[in-house]
Amino acid sequence: MQQPVVYVGEWLVTPSINQISRKGRQLTLEPRLIDLLVFFAHHPGQVLTRDELIDNVWTRSVVTGHVVTQSISELRKSLKDGDANAPEYIVTVPKRGYKLTVAVAWSSEEAEEAGAITLPVPEGVPEAAPETAPETLAELPPEKGSLRRRLNAFIVWGLFLLALGSCVALVALATIDAHPPVTKTRLLLNPRDIDIHLVDSSGCTNRSTQHAYAVGLGSLITTTLNTFSTFMVHDKTNYNINEPSSSGKTLTIEFVNQRHYRAQQCFMSIKLVDNADDSTMLDKRYFVTSDNQLSIQNDLMTSLSEALTQPWPDLLQTMLAQYMPAQSTSLVTFYQAHQLLMKGDVDSLGKASELLNEVLKQSPEFIYARAEKALIDVLRHSQQPLNEKQLAMLNDEITQVSDAPGMKEMAILYQIETVDLLGKGNVDEAYKTINKSINLEMSWIGYVLLGKVYEMKGLNRLAADAYITAFNLRPGDNTLYWIENSVFQTSVTRVVPYLDNFLSKE
């Protein structure tokens with residue numbers, strides 16, 4: 001069956017392999033970007049609204065306008081391919097939408113492969129003259145016959161050498177075209193993107209506790225900004241690959257030893273830098289003790305709001321209140337359990353459940369810790385079935401969380417219910433439930449669970465989109481383990497080949 005391909009400007013777009021190519025240059029794009037480009041190609045010169053794009057490209061998956069904007073930005077970057085002089089393929093029409101401005105031509109893969117290539121005749125090669133009957137040597141004098149034979153031999157060898165030279169020249173040109181010159185890879189910074197990095201420091205005591213606290217802060221900042229602001233944050237606290245990034249800002253968390261009042265003390269340094277001009281937007285140092293971590297968290301969130309000129313909405317204040325136990329020591333233990341949850345394996349989940357039991361004994365009003373324990377236990381049950389007594393206790397936990405004040409507005413409640421519904425095989429209800437979670441909170445866990453729901457529905461392409469989104473929000477081994485093993489096992493090679501190829505290049 002013929003597979004359609006399309007020329008968009010200079011690029012040949014081959015949707016069947018998620019690839020665009022021109023002049024020997026080939027780029028592999030995410031499936032969603034290919035779908036977006038193909039939809040534009042079906043409507044060249046037309047202004048397409050965000051709603052039209054969501055309806056036809058995302059088919060009303062749970063996405064926000066920010067996701068569309070981010071996808072358009074990535075597609076523009078790929079089409080420019082580092083060439084500042086390249087035409088603007090997709091332009092923004094203020095208050096209306098987006099428009100593809102270049103020429104479009106549809107074809108098929110078979111037609112492209114079968115297309116005849118007409119090579120120009122090299123200059124200087126004489127056209128063949130019409131054949132004439134040669135004179136016989138018998139009709140010529142002997143000296144003229146010998147001269148004619150030498151002349152004919154000279155002409156034949158001359159034409160042979162000229163044809164040979166032309167072939168060599170054509171082969172050389174083809175070789176040059178097949179190996180285009182290497183160009184520098186340039187990245188256009190996105191000022192609304194933020195990377196969060198954790199600099200590992202072994203100089204401080206209580207390293208494991210401090211590390212868990214820093215990872216917890218990174219997770220809180222990422223979820224907060226992605227949900228309640230126009231920023232797109234990538235939590236790279238579990239990602240140690242040194243690679244170029246297009247993020248316009250970097251938030252670094254580091255524990256450093258510094259002399260203070262004649263003694264060496266450990267401080268938590270948090271610095272926000274604008275990568276466009278290397279200016280420092282925020283530079284805070286906190287001396288962390290066992291009883292001030294809650295006040296540090298509150299001060300940091302307020303400072304970020306001011307540095308980013310991003311006021312927090314009332315709904316965020318409600319969510320942050322759920323992260324505020326009466327005692328700071330409870331917050332420390334909670335973040336240790338949260339780090340174990342992000343690892344995702346059965347042993348880590350078991351330890352996390354035990355830690356949260358301690359937290360709830362110390363701070364029974366800490367409702368978010370109760371909800372996270374329920375999520376951990378329902379995940380444990382999906383990987384290693386609980387006995388009847390444990391299962392009854394789990395059902396009581398879920399009921400308590402569901403009935404708690406304010407939990408209907410918290411995404412974690414619907415994450416718990418999604419895992420429970422998937423375990424019971426109720427896929428349609430699980431789909432509705434996880435959508436409620438993502439509407440309330442943009443988190444990597446939510447998108448992993450959305451991918452699991454799509455897999456259960458047999459929609460692997462949509463599952464791949466969800467898994468890639470989760471990995472984009474929090475890249476690293478933890479998220480990859482969740483994709484492969486949470487709820488049920490997933491073959492990344494089969495379901496998410498793009499992510500498999502990406503990780504193989506590390």
Side-chain angles (χ1 to χ4, degrees), residues 30-33 58 61-64 66-68 70-71 74 193-196 215-216 218-227 231-241 245 247 338-339 341-345 348-349 372 375-376 379 382-383 411-412 414-416 418-419 422 430-431 433-457 459-503 506:
E30 295 180 20
R32 182 62 66 219
L33 296 185
W58 280 266
S61 299
V62 180
V63 296
T64 62
H66 179 76
V67 174
V68 177
Q70 183 75 10
S71 299
E74 292 177 9
D193 276 18
I194 303 174
D195 286 344
I196 298 181
V215 170
S219 177
L220 176 62
I221 293 168
T222 301
T223 301
T224 299
L225 287 174
N226 283 339
T227 304
F231 288 95
M232 172 63 74
V233 185
H234 312 275
D235 180 0
K236 295 187 176 181
T237 55
N238 183 234
Y239 192 64
N240 298 316
I241 305 300
S245 172
S247 293
H338 186 71
Q339 186 178 20
L341 165 65
M342 290 191 284
K343 289 184 177 180
D345 61 281
S348 295
L349 293 176
E372 188 139 310
L375 176 60
I376 288 169
L379 284 165
S382 72
Q383 297 185 34
I412 192 170
Y414 303 105
Q415 294 167 5
I416 295 167
T418 298
V419 178
L422 285 176
Y431 177 72
T433 304
I434 195 58
N435 281 338
K436 292 179 183 178
S437 172
I438 293 176
N439 278 333
L440 290 169
E441 174 185 282
M442 186 176 185
S443 68
W444 66 274
I445 290 179
Y447 277 97
V448 170
L449 294 179
L450 178 63
K452 296 294 180 179
V453 171
Y454 276 135
E455 269 199 85
M456 292 283 283
K457 291 170 74 71
L459 303 172
N460 283 0
R461 184 162 184 170
L462 293 176
D465 285 353
Y467 291 144
I468 292 170
T469 301
F471 197 86
N472 190 37
L473 292 173
R474 190 172 193 268
D477 294 337
N478 292 166
T479 305
L480 180 61
Y481 186 90
W482 266 70
I483 293 171
E484 292 180 320
N485 299 287
S486 67
V487 187
F488 56 82
Q489 290 192 332
T490 292
S491 169
V492 172
T493 304
R494 180 178 61 84
V495 180
V496 206
Y498 173 83
L499 182 57
D500 187 54
N501 292 335
F502 173 80
L503 293 173
E506 291 183 4

Any donor-acceptor N/O pair, [X] side chain to [Y] backbone, under 3.5 Å:
X: Q383; Y: G344; result: yes
X: T479; Y: P475; result: no
X: W482; Y: M342; result: yes
X: N226; Y: T222; result: yes
X: T490; Y: V492; result: no
X: S219; Y: G216; result: no
X: T469; Y: Y447; result: no
X: N238; Y: D477; result: yes
X: K452; Y: I483; result: yes

Is there a side-chain contact (heavy atoms from CB on, under 4.5 Å) between W444 and N472 once you walk through the steps? CA-CA 8 Å; W444 66 274; N472 190 37; over 6 Å; no

Mind running side-chain contact (heavy atoms from CB on, under 4.5 Å) on L473 and H234 for me, showing each step along the way? CA-CA 5 Å; L473 292 173; H234 312 275; 5.5 Å; no

With a 4.5 Å limit on heavy-atom distance, are the side chains of Q415 and E372 in contact? no

Any chance you could measure [X], atom [atom1], to [Y], atom [atom2], to the nearest 0.5 Å?
X: I416; Y: T433; atom1: CD1; atom2: OG1; result: 12.0 Å
X: Y467; Y: L499; atom1: OH; atom2: CG; result: 11.0 Å
X: E484; Y: T493; atom1: CD; atom2: OG1; result: 8.0 Å
X: L422; Y: S382; atom1: CG; atom2: OG; result: 9.0 Å
X: I412; Y: T223; atom1: CD1; atom2: OG1; result: 10.5 Å
X: S247; Y: K236; atom1: OG; atom2: NZ; result: 5.5 Å

Between [X] and [Y], what is the shortest heavy-atom contact and its length?
X: A463; Y: G451; answer: CB-O, 3.5 Å
X: G446; Y: I438; answer: O-CD1, 3.8 Å
X: I194; Y: F231; answer: CD1-CD2, 3.8 Å
X: D195; Y: S245; answer: OD2-OG, 2.6 Å

Begin with the C-alpha distance, continue with both residues' side-chain angles, and end with the deciding distance and a verdict on side-chain contact (heavy atoms from CB on, under 4.5 Å) for F488 and M456. CA-CA 10 Å; F488 56 82; M456 292 283 283; 3.7 Å; yes

Listed partners of D345 passing side chain to side chain contact (heavy atoms under 4.5 Å, CB included), at least two apart: K343, D347, S348, Y481

Evaluate the criterion side-chain contact (heavy atoms from CB on, under 4.5 Å) for residue pair S437 and T418; output intermediate values, then yes/no. CA-CA 9 Å; S437 172; T418 298; 5.7 Å; no

The criterion is side-chain hydrogen bond (donor to acceptor under 3.5 Å, both in side chains); which residues satisfy it with S443, sequence neighbours excluded? E441

Please, which pairs that meet salt bridge (charged side-chain N to carboxylate O under 4.0 Å, His left out) have at least one residue in residues 466-475, sequence neighbours excluded? D235-R474

